[in-house]
Amino acid sequence: MAKLTRLDDIVSLCKRRGFIFQSSEIYGGLASCYDYGPLGAELKRNVRSAWWKNVVQMRDDVVGLDCSILMHPMVWKASGHADKFADLVTVCKKCNTRTRVDHLQDGPAAVEHTEHINIETEKAQPHDLTKKVCPACGAVGQFGPPMAFKLMFETQMGANADDQMTLYLRPETAQGIFANFRNVLDSTRVKVPFGIAQIGKSFRNEVTTKAFIFRTREFEQAELEFFCKPGTDDEWYNHWKQQRFNWYLNLGIKKENLRFRDHDPDELAHYAKACVDVEYKFPFGQGDWQELEGIANRTDYDLRQHQRGMRTMTEWFEKKGDLTKITLREEDPDYHKGPLSFFDEEAKERYIPYVIEPSAGVDRSTLAFLVDAYDEEEVNGETRNLLRFHPHLAPIKAAIFPLVKKDGMPEIARKLYDDIKGKFACFYDEKGAVGRRYRRQDEAGTPFCITIDGQTKEDNTVTVRERDSMKQDRISLDQIKNYLREQLDS
RNA sequence: GCGGGUGUAGUUCAGUGGUAGAACGUCAGCUUCCCAAGCUGGAUACGCGUGUUCGAUUCACGUCACCCGCACCA
């Protein structure tokens with residue numbers, strides 16, 4: 001059994017070895033923001049690549065996309081974020097607990113997770129909180145005035161201060177995919193069922209951030225919107241559910257640390273038909289199961305909403321872009337023939353596809369891979385810290401050492417390094433005792449160390465030392481590239 | 001945002017109202033033919049600000065950040 005890993009151990013390892021630093025650390029840090037150092041940048045890039053390879057490259061039915069972070073504000077009106085990504089919250093004067101106004105009950109009652117309510121509507125309504133009960137301490141009517149929380153980041157476009165437009169930093173990458181559904185359809189000869197995948201940064205003004213890079217306000221998503229014919233959606237939902245779960249397992253996450261959690265019906269967003277989280281047992285607090293990825297059946301909601309949005313542009317100009325004054329136009333009765341519909345040549349029918357959305361957090365996955373790979377073991381009375389990364393994820397694939405810094409060994413090692421660095425991420429090190437160099441690479445998660453020794457000059461062989469077993473093989477120098485290819489490709 | 005805790009070298013820790021120490025790591029050198037060996041030498045820290053004080057890393061206040069718990073988490 002692996003030892004209980006504490007988050008603090010991971011945080012300090014991350015800093016010590018250059019995986020993750022706190023953002024703006026020389027200025028005291030900036031809450032919830034983190035930077036990936038040299039090893040972390042490689043690791044995260046490998047996580048992205050593994051996702052892209054599995055979800056896009058290896059499939060005939062998925063294409064990629066890379067949207068801008070800034071989009072037309074109407075995107076967020078149509079998606080519902082502009083209205084719903086805000087809450088009215090009040091604070092109990094007695095116990096200082098924050099509660100959503102729409103969660104307050106007249107009497108003691110279980111608080112259910114509910115869909116967010118339009119903040120403008122909510123604000124317009126008179127709020128009589130005098131009879132409401134604080135769910136935390138039970139005090140009645142002890143609430144402060146309702147406060148609005150805005151979960152989307154705002155920014156200004158336009159250098160001329162008098163002629164600026166307020167834009168939002170996207171709170172999810174998905175909407176960029178929906179907004180490009182037509183473009184992809186018209187330019188790539190894809191046919192339903194097919195998917196569009198994207199990896200990119202998103203931003204949410206979370207009320208509270210949490211646990212290192214687990215919940216941050218700036219984060220990276222890897223999202224797939226998979227479009228399918230209504231009626232086949234359950235099938236595809238299950239397909240992606242399995243696909244995505246296996247992706248984590250195949251990259252080395254221990255099975256006992258991974259599980260599904262189905263959302264309760266009352267927990268679902270109103271447009272979602274089903275949703276399941278892939279959860280990982282993180283070492284925060286008591287060892288909490290936390291979401292890595294959500295797989296949702298979003299039905300035809302988003303495409304239909306954007307068809308409504310497209311019909312609302314006159315109002316956008318009339319109301320001078322004030323989203324709070326704009327009401328989305330009603331749907332065309334023939335909405336299923338609208339601009340974001342798909343014409344099925346075989347069935348000769350037009351419909352709005354259903355969407356299955358696996359949405360993964362890249363930073364969360366990266367953290368999970370780090371935590372899961374972390375291990376300590378006793379070797380000859382010494383503790384060895386190592387990261388047992390899957391070779392595909394390891395920031396450095398192979399380290400190359402001369403056994404000692406003399407007798408021509410460094411020259412041979414250098415030559416080997418120069419030879420393979422173009423193909424694999426490598427590291428050359430000739431300093432100090434070889435055992436120390438091995439251990440250093442263990443802590444960086446490097447799966448292979450190649451050592452040039454005295455015998456190399458005699459028979460042209462080198463030793464390859466494997467990270468997990470610490471075993472060594474003698475391999476011919478000219479076979480090294482093939483050997484690494486066999487171990488690392490696939 | 002509330003309550004609790006923490007902040008000293010890269011990391012983990014010690015310590016003091018009179019200007020800071022260790023271990024590991026790191027760097028340079030010596031040694032070294034396979035798992036953090038040894039020897040020599042070097043660099044590096046009191047989160048930030050204000051106040052009290054002759055003097056503050058130490059006390060107070062503020063602030064920033066992190067951790068734990070609560071609440072929040074389309």
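Values below: every heavy atom of this structure, side chains too, minus hydrogens, waters and symmetry copies.
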Would you indicate which nucleotide in [options] comes nearest to any side-chain atom of [X]?
X      : options             : answer
A/M470 : B/C35, B/C67, B/C33 : B/C35
A/R439 : B/A37, B/C33, B/A36 : B/A36
A/Q472 : B/C35, B/U32, B/A36 : B/C35
A/T451 : B/C33, B/A36, B/C34 : B/C34
A/A31  : B/C34, B/C66, B/A37 : B/C66

Please set out all donor-acceptor pairs under 3.5 angstrom arising from side-chain atoms of residues 352-367 of chain A, sequence neighbours excluded.
residue : atom : partner : partner atom : Å
A/E357  : OE1  : A/R298  : NH1          : 3.2
A/E357  : OE2  : A/R298  : NH1          : 2.7
A/S359  : OG   : A/E223  : OE2          : 2.8
A/D363  : OD1  : A/Y36   : OH           : 2.7
A/D363  : OD1  : A/K44   : NZ           : 3.3
A/D363  : OD2  : A/E220  : N            : 2.7
A/R364  : NE   : A/F214  : O            : 2.9
A/R364  : NH1  : A/E291  : O            : 3.0
A/S365  : OG   : A/G361  : O            : 2.6
A/T366  : OG1  : A/V362  : O            : 2.7

For [X], which contact category applies under a 4.0 Å heavy-atom criterion: base, sugar-phosphate, or nothing?
X      : value
A/Y34  : sugar-phosphate
A/R384 : nothing
A/S202 : nothing
A/T463 : base
A/Y27  : nothing

Salt bridge (charged side-chain N to carboxylate O under 4.0 Å, His left out) contacts touching residues 14-43 of chain A (sequence neighbours left out):
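Found A/K15-A/E25, A/R16-A/E443, A/R17-A/E443, A/E42-A/R45.
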
Base contacts versus sugar-phosphate-only contacts with protein, heavy atoms under 4.0 Å: please encode nucleotides 21-28 of chain B as B, S and - from 5' to 3'.
----SS-S

Short N-O contact, A/R465 and A/D442, less than 4.0 angstrom
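Salt bridge: yes.
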
Salt bridge check, A/R388 against A/D468: does any charged N sit closer than 4.0 Å to a carboxylate O?
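Salt bridge: yes.
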
Under the rule for side-chain hydrogen bond (donor to acceptor under 3.5 Å, both in side chains), what residues qualify as partners of A/K421, not counting sequence neighbours?
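In terms of side-chain hydrogen bond (donor to acceptor under 3.5 Å, both in side chains), with neighbours along the sequence ignored, A/K421 is linked to A/D418.
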
What distance, rounded to whole Å, do you find between the two C1' atoms, one in B/G25 and one in B/A45?
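The answer is 15 Å between these two C1' atoms.
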
Are A/W289 and A/Y280 an aromatic pair, judged by ring center distance below 6.0 Å?
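Here the rings of A/W289 and A/Y280 have centres that are no less than 6.0 Å from each other.
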
Check this for me: does the side-chain of A/D453 come within 3.5 Å of the base of B/C34 through a donor and an acceptor?
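Under the 3.5 Å cut-off, the side chain and the base do form a donor-acceptor pair.
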
Would you say the side chains of A/T461 and A/R474 form a donor-acceptor pair under 3.5 Å?
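Indeed, the side chains of A/T461 and A/R474 share at least one donor-acceptor pair under 3.5 Å.
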
All stems with RNA chain B, defined as three or more consecutive Watson-Crick or G-U pairs under 3.5 Å
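RNA chain B stems, ordered by first number: B:1-7 with B:64-70, B:10-13 with B:21-24, B:26-30 with B:38-42, B:47-51 with B:59-63.
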
Aromatic ring pairing A/H81/A/W76, orientation class (parallel under 30°, perpendicular over 60°, tilted between)
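Because their plane-to-plane angle is over 60°, the rings of A/H81 and A/W76 count as perpendicular.
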
Ring-plane angle category for A/H306 and A/F178, please: parallel below 30°, perpendicular beyond 60°, tilted otherwise.
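A/H306 vs A/F178 ring planes: tilted.
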
What N/O pairs connect the protein and nucleotides 41-44 of chain B at under 3.5 Å? Give each pair on its own line.
none

